[in-house]
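Single-structure report; data block below.
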Amino acid sequence: MLGLRTRLFLAVVIPVAIVALVVLLLGRLRIDVILGTAPLVVTAVVASWWFAGREDRRLRRMADAALRMAAGDFNVELLDRQGDDVSRLAQALNRLADASASTFHRLETESRLVRSIIETMREGVMAVDQDGRITLVNDAMLRLTGHRGAAAGLSPAEVILAPELLQAIQEVLEGNAVSREISVSKPQPLTLLVNGAPLADGEGALAVVHDTTELHRLHQMRRDFVANVSHELRNPVATIQAAVETLGAFADDAPAGDDERRLLATISRQTARMAALVRDLLGLARIESGQVVLEPRTTDLDDLLSGLLSAFEGAAKEKGISFDLAVAPGTPRALCDASALHTVIGNLLDNAVKYARPGDRIEVSVRHCQDRQVAIDVSDTGPGIAEEHLPRLFERFYRVDAGRSRELGGTGLGLAIVKHLCAAMGGGVSVRSAVGVGTTFTVMLPAALDVAGE
Ligand code: ADP
């Protein structure tokens, strides 16, 4: 390929030489004319030579600038103000250098920020590329794994001592999203919550590990505290309750005044509330700590529910509420702990009766669901619960109307107990409600294998 200088030279000199030769050959030109025009031709040749060289230099400067930018040096400023196409190219290169410099600077700042966020995180972070090599790992992760020294470029197996953690990270690398708690014994006994997901476009995987050991210890401390306090309170409360009952009996026999009777009634009501609170707190603490050992057995729901309903009949009749039990034909028996289910449905019926108004109806129905499950619906035509309360209804001490609940002898723990017991039986509980229409609690339980019709 010919350079610009050569091309310009050929473009000017060759035509001039050809024209001169032709004219000379044709004899139309005299030697003095040739000598006269020679300086002109020489000047033209030298000028074009110099001009072509200058253009070459300008383009070379631009090529150099582009190469420097490609190498990451954006400190480029081309001073070319000829106003032609080449100087427009120079200005474009200047602008490109400025824009690239600011983009590069922004990316560098963002990358430094991300890096320092990752470094200051208490969670362990590890990123692995598609070849299974570590591309990023923070100090927290190295502490959790027990690895010392640089880890970038190594495989997770070379860094992680605990097989359980390695297994979870391998699963993420295989393309599975993982979110689970694991217990590891190396380099020290810890409970870890591993969250991991593959990166987009198969570019590897990212895992974030949260040390939940302390959290579990605190939860355990809280549970132990509640269990110990309620255990310690149980006997004094029972003693006070018994003493109040005895005093009440004395008052019935002796000519006690109305004030004494009222005070005794108040003490009696409040000690009964306290006893119920202590009972529910202790029950919940026992369930949570796993002290309640459930014995799942094939259970005939018809028998269990009929027995329960008859226990509530008196209270229902007193309030003018009607009861109904409906077991769909062919419904399988449930695999559950009869005593736990008794507590669950007992709590739901107690609430239904407690909050229902005279004339309301309560229905307990049993049906077979898909996935080998049995559903027990406890529905009432009571006041209903506004939608905004439903997501928090199963939290301990959550009450729609705390005053009304206390007045009716509620502890605010019934539904929390229901939720825990259902989960412990391998089932669950949910609620549907509409204000002024009524409420339905649905308890799901695993169906027994020896079910009718299977
Ligand atoms: P409580 O001892 O206060 O009844 P629970 O945990 O059993 O506590 O219930 C929580 C709250 O849910 C109650 O305070 C009440 O406001 C509401 N609730 C529960 N069951 C019903 C129901 N069948 N109808 C209307 N409200 C209910």
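For the single chain, residues carry numbers from 1 onward in sequence order. Counting starts at 1 for both ligands and their atoms, following the listed order.
Of the protein's heavy atoms, L415 N, 2.9 Å lies nearest to atom 6 (O) of ligand 1. Taking atom 23 (N) of ligand 1 as the reference point, the nearest protein heavy-atom neighbour is D380 OD2, 2.9 Å. Of all protein heavy atoms, the one lying nearest to atom 11 (C) of ligand 1 is Y398 O, 3.7 Å. Protein heavy atom in closest approach to atom 13 (C) of ligand 1: Y355 OH, 3.3 Å. Protein heavy atom nearest atom 8 (O) of ligand 1, with residue, atom name and distance: G412 CA, 3.2 Å. Protein heavy atom closest to atom 19 (C) of ligand 1, with residue, atom name and distance, is N351 ND2, 3.5 Å. What sits closest to atom 12 (O) of ligand 1 on the protein, heavy atoms only, is L393 CD1, 3.5 Å. The nearest heavy-atom contact from the protein to atom 25 (C) of ligand 1 is I385 CG1, 3.7 Å.
One side chain, D377 or T442, offers a donor N or O that lies under 3.5 Å from an acceptor on the other. Neither side chain, E313 nor S310, offers a donor N or O lying under 3.5 Å from an acceptor on the other. Side chains of D224 and Q220: a donor on one and an acceptor on the other come within 3.5 Å.
Counting heavy atoms under 4.0 Å from ligand 1, residue F394 does not touch it at all. Within the 4.0 Å heavy-atom criterion, both parts of V400, backbone and side chain, lie near ligand 1. Counting heavy atoms closer than 4.0 Å to ligand 1, residue N347 contributes nothing at all.
Residues V159 and L142 have side chains in contact (heavy-atom distance under 4.5 Å, counting atoms from C-beta outward).
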Check against side chain to side chain contact (heavy atoms under 4.5 Å, CB included), L308 and H342: CA-CA 7 Å; L308 250 171; H342 203 275; 3.8 Å; yes
Check against side chain to side chain donor-acceptor pair (under 3.5 Å), H216 and E181: CA-CA 11 Å; H216 278 274; E181 206 159 53; 3.0 Å; yes
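Distances between N or O atoms of S405 and those of ligand 1 include at least one value under 3.5 Å.
Nearest heavy-atom pair across V209 and L144 is CG1-CD1, 3.8 Å. In terms of heavy-atom proximity, G438 sits nearest to S433 at O-OG, 3.1 Å. Of all the heavy atoms in N138 and I118, the pair that sits closest is ND2-O, 2.9 Å.
Under a 4.0 Å criterion applied to the non-hydrogen atoms of T439, ligand 1 contributes the atoms 24 (N). Each of the following atoms of ligand 1 lies closer than 4.0 Å to a heavy atom of G410: 2 (O). When each atom of ligand 1 is checked for a heavy atom of T411 under 4.0 Å away, the hits are 2 (O). Applying the 4.0 Å criterion to heavy atoms of G414 picks out, from ligand 1, the atoms 5 (P), 6 (O), 7 (O). Near K354, the atoms of ligand 1 lying under 4.0 angstrom from a non-hydrogen atom of the residue are 1 (P), 2 (O), 4 (O).
Taking the charged nitrogens against the carboxylate oxygens, E110 and R115 have no contact shorter than 4.0 Å, which rules out a salt bridge.
D129 contributes a side-chain N or O that, together with a main-chain N or O of D131, makes up a donor-acceptor pair within less than 3.5 Å.
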